[in-house]
There are 2 protein chains.
Amino acid sequence: MIDKLINTIKDDKDKWNQFQHILIEKNIASKTVLLHEGEISNNIFFIKSGCLREWFNKDGKDITFQFFFEGQPVASIDSFINREPSLFAIESIEPTTIITIEKADFENLLISFPELKMEFQNFIFQRFRNYGQLFLSRIKNSPKERYEELIKNHPEFIKRIPQHYIASFLGITPISLSRIRNRK
Amino acid sequence: MIDKLINTIKDDKDKWNQFQHILIEKNIASKTVLLHEGEISNNIFFIKSGCLREWFNKDGKDITFQFFFEGQPVASIDSFINREPSLFAIESIEPTTIITIEKADFENLLISFPELKMEFQNFIFQRFRNYGQLFLSRIKNSPKERYEELIKNHPEFIKRIPQHYIASFLGITPISLSRIRNRK
DNA sequence: GATGGACGATAACAATTGTTAATTAATTAT
DNA sequence: ATAATTAATTAACAATTGTTATCGTCCATC
């Protein structure tokens, strides 16, 4: 999406001059919090390289529920769109390079490029659809089944992401995940 | 939504004549399947009275994951919009009166009434948002906590819906729900 | 009124997961 | 490099849930 975005802007020289500066590239260390839980999101991020997670606090523990990799746009959608406090934090797992765009800039961008607006609406739709799928997977399967599903559908998760985040993502303790892994 | 829809149509006499016939009222008995799992949805329903549930089959058991009451629109959204096989069935829990509209008719309706189109897009958005909330609730809370949350937020569910559907909705067996209920 | 089916409660046992704690391995910081 | 921190494994025990089966109640139908 970010490539398409950049290419779309580049195609129009005037607009490139106008919008180039709103794309801010940042290198962040591992475990950098980009958005805190409760904060109102003012930025949308695009991952150039690295990996982010979304998590929230539950009784002092953090619960991770989503991972994002290179190429993906990341935002606390509800917070970004409706200026509500974010229900969760966004944080890096690895050293990560992102492009961030401020809300106001992003909105101007969408006004100037209707095709990007469609793209963005589609992104929102997909994000919510993804929630639906995650939800059904939670209901349908046991932790063990979900782990096996994860190996099948997202082997890159297991390779790249520390195990305790995966455990959290699966809804179990790291201890339980360790048991599942060593049971077979 | 259905009231607004009917009122909107009624306001325009020509259009009322044109669209009146597409609204089909049906009385259905308890446990009537309106849409089977795997079937491509060709209708959207509006509940006048009664109660529906959405469920799918998992290893021979049925798993209920949503309830709907009077006033609510119900559809297997993905299937209805994209003509894909539905991932779940829609079935009545009580004797229920519904208004059904066929996909083609509904699409024509939305073309004639842009304000209804907005309403429908909002409905879709809310449905997906609801998935998001259900998803977070599943992650965040234990079955017991989810049951207590349900009592607090939807006491009408407990009154009206047979317990084994509630258990299924909570992600536990009816036996386990019975234990939770009698533990305190 | 009798019969069968659906629903809910309960019991006994197995399987799984959570909790706490100790140990080892791996990573990060100095 | 070394120390300090963080992550993963294992063990022992508690708590919860699933499974199977039995029993009683309510309701519909014959």
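Every chain is numbered from 1 and lettered A, B, ... according to where its sequence line falls, protein lines coming before strand lines.
Remark: P of dA8(D) and CD1 of I161(A) are 12 Å apart, rounded to the nearest angstrom. One can place CG of L177(A) at 12 Å from C1' of dA7(D), the figure rounded to the nearest angstrom. With rounding to whole Å, K144(B) atom NZ is found 12 Å from dA15(D) atom P. If you take CD of E145(A) and P of dG18(D), they are 13 Å apart, rounded to a whole angstrom. Here dA6(C) presents its P atom at 13 Å from CD of E91(B), a figure rounded to the nearest Å. Per the geometry, CZ belonging to R160(B) stands 17 Å off P belonging to dC7(C), to the nearest Å. Rounding to whole angstrom units, CG of residue N182(A) and C1' of dT17(C) are separated by 16 Å. Atoms CZ (R146(B)) and C1' (dT16(D)) sit 13 Å apart, rounded to a whole Å.
Phosphate proximity of dA29(C) to K31(A): absent, as no side-chain N or O sits under 4.0 Å from OP1 or OP2. In this structure, Q163(B) does not reach the dA6(C) phosphate: none of its side-chain N or O atoms is under 4.0 Å from OP1 or OP2. Distances shown here put every side-chain N or O of S178(A) at or beyond 4.0 Å from the OP1 or OP2 atom of dA8(D). Contact annotation: T173(B) side-chain N/O to dT17(D) OP1/OP2 distance is not under 4.0 Å. Remark: H164(A) is not in phosphate contact with dT6(D), judged by side-chain N or O atoms under 4.0 Å from OP1 or OP2.
Relative ring orientation between F65(B) and F88(B) is described as perpendicular, the plane-to-plane angle rising above 60° on a 0-90° scale split at 30° and 60°. In this pair, F67(B) and F157(B) present their aromatic rings perpendicular. The plane angle is above 60°, beyond the 30 to 60° band.
If you check every strand for non-hydrogen atoms under 4.0 Å, I175(B) touches a base. Heavy atoms of P174(B) sit nowhere under 4.0 angstrom from any nucleic acid atom.
Without hydrogens or angle criteria, T96(B) side chain to C51(B) main chain gives a donor-acceptor distance under 3.5 Å.
Among the nucleotides dT19(D), dG18(D), dA9(C), the one closest to the side chain of R181(B) is dA9(C).
Judged by distance alone, with hydrogens and angles left aside, R179(A) brings a side-chain donor or acceptor within reach of the base of dG18(C), the pair sitting under 3.5 Å.
In summary, E107(B) and K103(B) engage in a salt bridge, as defined by a charged side-chain N under 4.0 Å from a carboxylate O. Ionic pairing of K140(A) and E149(A) is not present here: no N-O contact between side-chain nitrogen and carboxylate oxygen is shorter than 4.0 angstrom.
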